[in-house]
Amino acid sequence: MSPPRIFVAGASGYTGRSLVEEGLERGWEVTAHLRPDSLSREALEGPWSARGARLALAPFSPEALDAALGAARPDAVFALLGTTRARRRASGGADTYERVDLGCSLLLLEACRRVAPDARYVYLSAVGVRAGATRGYYGARARMEAALRESGQPFTVLRPAVISGEDRPEERPAERLAARVSGGLIGAARRAGIRRLADRWAPRTGREIAAALAEAAIDPALRGRVVEGSVLQALVERGRRGAGR
C-alpha cells in the first residue's frame, strides 16, 4: 500500500510542527499548509522541503484552499487552527476565536467537501467542549464540531486537555505551570486508581498529540467519533510504541 497523504493546516503551530515531523518520520506524504505571510515560513520552508515535505502557501480563501487540496490529494486533512490571547493582542483584536478557530476551520472543511470529499477531516478540539456552547473558545469549537457532524465529510475529533512541553517555542509560562501542576495531580490520580479522571485531564506534549492524531487518522473504527479520555490515552500509548520505527 502507498503511504498516506496528509494535509496539515496550522502547520506552523506547536502541534502542527510536531505532526509534520511525525508524518515525515512515518514515511507519509506530507503537505504542510502555511499562509504566505506566515512569520514562520523562513524557518520552516527549507528544513521541511529538504526532508521531502511539500509546502502549500495559500491564504484562507475558497479558491486558494481548493487549489492546495487539489494538488495534495490528501487521504487525511488535519485542522489544527487556533489563535491565542497574545496573537489577538498583536492583531489588534482581529484574530478572534470566531474568525480563526471557527472561521478558518470552516473554510477548510468546505474546501474538503468540494475537492477531497473522501478525506478524513481530523479536527483538534479541546476537553470540556459541550454541544450548544456559543461563545468564546469553547463556543467556537462546539460550533465547529456541530458543523462536522452535519457536513457529510468523514471526520474524527480529538479533545485533549493541556498541550504543552519544554520544546514549545513560544514562551507560555502560565500554560507550562498549569501542565506541571495538573501533571502532578494526574499522577496522584493514577496511583489512586482513578484512571478515567487521569486519562481525561492528563497534560500532553505536542509530539504525543501528533502521534495520537496520526493514529486516529488511519483507524477506521474512529471515523465519525469524538475521541477523548481513555481512547485518546490509548492512541498516545500506541504512538509511543511505534516511536521506535
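Values in this document were obtained by computation on a predicted structure and should not be read as measured data. Heads up: numbering here begins at 1 and tracks the sequence.
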Engineer: Between Arg120 and Ala216, is there a donor-acceptor pair closer than 3.5 Å when you use the side chain of the first and the backbone of the second?
Structural biologist: yes
Engineer: CG of Leu158 to CG of Leu235: how many Å apart, nearest 0.5 Å?
Structural biologist: 6.5 Å
Engineer: Mind checking what makes side chain to side chain contact (heavy atoms under 4.5 Å, CB included) contact with Ala140, not counting sequence neighbours?
Structural biologist: Tyr97, Asp101, Leu102
Engineer: Is there side-chain contact between Val231 and Leu222, with at least one heavy-atom pair below 4.5 Å?
Structural biologist: yes
Engineer: Roughly how far, to the nearest 0.5 Å, is the CG atom of Leu124 from the OG1 atom of Thr156?
Structural biologist: 12.5 Å
Engineer: To the nearest 0.5 Å, how far apart are CG in Leu80 and CD1 in Ile209?
Structural biologist: 10.5 Å
Engineer: Can you tell whether the side chains of Arg143 and Glu98 come within less than 4.0 Å, N to carboxylate O?
Structural biologist: yes
Engineer: Assess the side chains of Arg204 and Gln233: does a donor N or O sit below 3.5 Å from an acceptor N or O?
Structural biologist: yes
Engineer: The criterion is ring-ring contact (aromatic ring centres under 6.0 Å, His included); which residues satisfy it with Phe60, sequence neighbours excluded?
Structural biologist: His33
Engineer: Salt bridge (charged side-chain N to carboxylate O under 4.0 Å, His left out), that's the test. Do Arg17 and Glu21 meet it? Break it down for me.
Structural biologist: CA-CA 6 Å; Arg17 295 185 193 203; Glu21 295 292 327; over 6 Å; no
Engineer: Indicate yes or no: does Arg240 engage Glu215 in a salt bridge with an N to O separation below 4.0 Å.
Structural biologist: no
Engineer: Which residue pairs pass the side chain to side chain donor-acceptor pair (under 3.5 Å) test with at least one member in residues 65-78, sequence neighbours excluded?
Structural biologist: Asp66-Arg114
Engineer: Check for a donor-acceptor pair, side chain of Ser49 on one end and backbone N or O of Glu45 on the other, with a separation under 3.5 Å.
Structural biologist: yes
Engineer: Using a strict threshold of under 4.0 Å (side-chain N to carboxylate O), is an ion pair present between Glu145 and Arg141?
Structural biologist: no
Engineer: Nearest 0.5 Å please: distance from the CD atom of Glu110 over to the OG atom of Ser105.
Structural biologist: 12.0 Å
Engineer: Take Arg238 and Asp219 through the test salt bridge (charged side-chain N to carboxylate O under 4.0 Å, His left out) and record every step on the way to the result.
Structural biologist: CA-CA 12 Å; Arg238 193 190 306 172; Asp219 189 335; 3.5 Å; yes
Engineer: What's the shortest heavy-atom distance between Leu232 and Pro160, and which atoms?
Structural biologist: CD2-CA, 3.6 Å
Engineer: Do the side chains of Leu213 and Tyr121 join up, straight or via other hydrophobic residues, at under 4.5 Å, putting them in one cluster?
Structural biologist: no
Engineer: Can you find a pair of side-chain heavy atoms, one from Phe7 and one from Val30, that are under 4.5 Å apart?
Structural biologist: no
